[in-house]
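A short worksheet on the structure shown next.
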Amino acid sequence: MTDLALTQDDFLGGKVRLWQPRKGYRAGVDPVLLAASIPAHPGQSVLELGCGAGAASMCLSARVSGLTLTGVEVQPFYAGLARRNGAENGANLTVIESDLRALPPDLRQQRFDHVMMNPPYFDRQASTRAEDDGRDVALGGDTPLSDWIEVGARRLAPRGYLSVIQRIERLPEVLTAVTARLGSVVVRPIAARNGRAPGLFLLQARQGGRAAFHLSAPLILHDGPEHMKDGEDYSAAVQDILRNAGQLPIRD
């Protein structure tokens, strides 16, 4: 990191307060949507691959009490922030500093009810977006998406759920990797507004699942065909997720 200045930002209407760098990769709406989509219950275990500063894990912990959370983060700076955020938000979070392709032996022996991930959106080998301020890995990682899916699937307990948020153009890549190992695949596209093509998608699959593939109706982030006034114009459903820790069903 080239700038270690931090901000502490409110998520979920202040239910979560997250330390993150003033410059570099900063959590936005995406990890909040991912956390809202996890069908977790109190007492279950959750693994987040590439946890960054812990935004998704903190938001999930705020919505569902009694979870045992484990985060894996390759960048020491972000791993440290995730530990701090877990402690200050009262989450039962253990953060492991590791490349996901070289997990420590004890973690490789564990199985989780849920594995969630927000992998880098851009292929670093095909993109010039990566910068040397934390976004190098967060936005443009060099680990193939197929490796993320493979590692996540191996950590699932029987009937466990894998959940992913990713850019829509990478949906074929993710589907190929997921359907080789998991079943009961559900995809929910995410579009900025009605009538616009989706830019992101949420995908959920299950270990040992047998249900047919299901494509849900898109989640629409904003009301109206275009931004008409100052301030936020999130749809009511999205406002409930972002402000009240509402749940986001993947299957409609």
Side-chain angles (χ1 to χ4, degrees), residues 1 3-73 75 77-95 114 116-118 133-135 138-139 163 165 188 190 192-193 199-200 202 219-224 227-250:
M1 296 290 298
D3 187 339
L4 300 183
L6 301 177
T7 63
Q8 190 177 33
D9 305 297
D10 286 349
F11 288 75
L12 305 182
K15 295 177 179 64
V16 170
R17 302 205 71 200
L18 194 79
W19 290 104
Q20 53 184 342
R22 187 178 300 277
K23 295 183 178 180
Y25 176 74
R26 291 173 55 81
V29 172
D30 301 357
V32 184
L33 297 178
L34 174 63
S37 75
I38 309 302
H41 300 285
Q44 289 190 321
S45 58
V46 182
L47 172 66
E48 183 181 4
L49 296 179
C51 68
S57 288
M58 293 304 94
C59 289
L60 178 56
S61 178
R63 180 171 64 83
V64 183
S65 62
L67 295 175
T68 300
L69 298 152
T70 301
V72 174
E73 174 54 47
Q75 299 185 87
F77 176 75
Y78 283 96
L81 283 181
R83 292 187 186 99
R84 179 178 182 181
N85 286 323
E88 294 189 10
N89 284 279
N92 182 12
L93 173 67
T94 299
V95 180
H114 300 273
M116 62 179 178
M117 61 185 73
N118 181 10
D133 59 3
R135 285 174 285 188
L139 288 182
S163 300
I165 189 167
R188 185 155 195 187
I190 302 171
R193 298 183 185 276
L200 300 171
L202 282 160
L219 173 70
I220 306 301
L221 296 180
H222 301 281
D223 287 329
H227 191 70
M228 301 293 293
K229 60 183 180 180
D230 292 339
E232 297 178 349
D233 59 356
Y234 287 116
S235 67
V238 173
Q239 285 189 48
D240 184 55
I241 293 166
L242 300 182
R243 303 290 173 252
N244 304 318
Q247 189 168 2
L248 170 57
I250 294 289

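This chain uses plain numbering: 1 for the first residue, then up along the sequence. Everything quoted here is computed from the prediction, not taken from an experiment.
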For this session: With sequence neighbours left out, write down each residue that passes side chain to side chain donor-acceptor pair (under 3.5 Å) with Asn89, or none if nothing qualifies.
Result: none
For this session: Taking the side chain as every heavy atom from C-beta outward, state whether Asp233 and Arg193 have any pair of such atoms under 4.5 Å apart.
Result: yes
Seminar exercise, completed: When every non-hydrogen atom of Ser37 is compared with those of Leu202, the smallest separation belongs to OG-CD2, 3.9 Å
Exercise. Please walk me through it: do Val72 and Met117 pass side-chain contact (heavy atoms from CB on, under 4.5 Å)?
Worked result: CA-CA 10 Å; Val72 174; Met117 61 185 73; over 6 Å; no
Which pairs of donor and acceptor atoms, one on a side chain in residues 10-21, lie under 3.5 Å apart (sequence neighbours left out)?
| unit_1 | atom_1 | unit_2 | atom_2 | d |
| --- | --- | --- | --- | --- |
| Asp10 | OD1 | Arg17 | NE | 2.8 |
| Lys15 | NZ | Arg243 | O | 3.4 |
| Arg17 | NH1 | Gln8 | OE1 | 3.3 |
| Trp19 | NE1 | Glu88 | OE1 | 2.9 |
| Gln20 | OE1 | Ala27 | N | 2.7 |
| Gln20 | NE2 | Asp9 | OD2 | 2.8 |

For this session: Report yes or no: do Thr7 and Arg26 form a side-chain donor-acceptor pair below 3.5 Å?
Result: yes
Could you pull out every donor-acceptor pair under 3.5 Å between side chains of residues 39-58 and any protein atom, sequence neighbours left out?
| unit_1 | atom_1 | unit_2 | atom_2 | d |
| --- | --- | --- | --- | --- |
| Gln44 | OE1 | His41 | N | 2.9 |
| Gln44 | OE1 | His114 | NE2 | 2.8 |
| Ser45 | OG | Asp113 | N | 3.1 |
| Ser45 | OG | Asp113 | OD2 | 3.3 |
| Glu48 | OE1 | Ser57 | N | 3.3 |
| Glu48 | OE1 | Ser57 | OG | 2.6 |

For this session: To the nearest 0.5 angstrom, please state how far the CG atom of Leu248 sits from the CZ atom of Arg188.
Result: 5.5 Å
Problem set entry | Student check: side-chain heavy atoms of Leu33 and Leu200 closer than 4.5 Å | no
Problem set entry | Distance-minimising heavy-atom pair for Ala192 and Ile220 | O-CG2, 4.1 Å
Seminar exercise, completed: Sorted by chain and residue number, the side chain to side chain donor-acceptor pair (under 3.5 Å) partners of Ser163 (sequence neighbours excluded) come out as Gln204
Seminar exercise, completed: Tightest non-hydrogen contact, residues Ile241 and Ala36, listed as CG2-CB, 3.6 Å
Exercise. Between atom CD1 of Ile190 and atom CG of Leu221, what is the distance when rounded to the nearest 0.5 Å?
Worked result: 6.5 Å
Exercise. Quick one: OG on Ser235 to CG on Leu219, what's the gap to the nearest 0.5 Å?
Worked result: 6.0 Å
Taking distance alone, no hydrogens or angles, what donor-acceptor pairs closer than 3.5 Å link side-chain atoms of residues 63-71 to residues at least two apart or in another chain?
| unit_1 | atom_1 | unit_2 | atom_2 | d |
| --- | --- | --- | --- | --- |
| Arg63 | NH2 | Ala35 | O | 3.0 |
| Arg63 | NH2 | Ile38 | O | 2.6 |

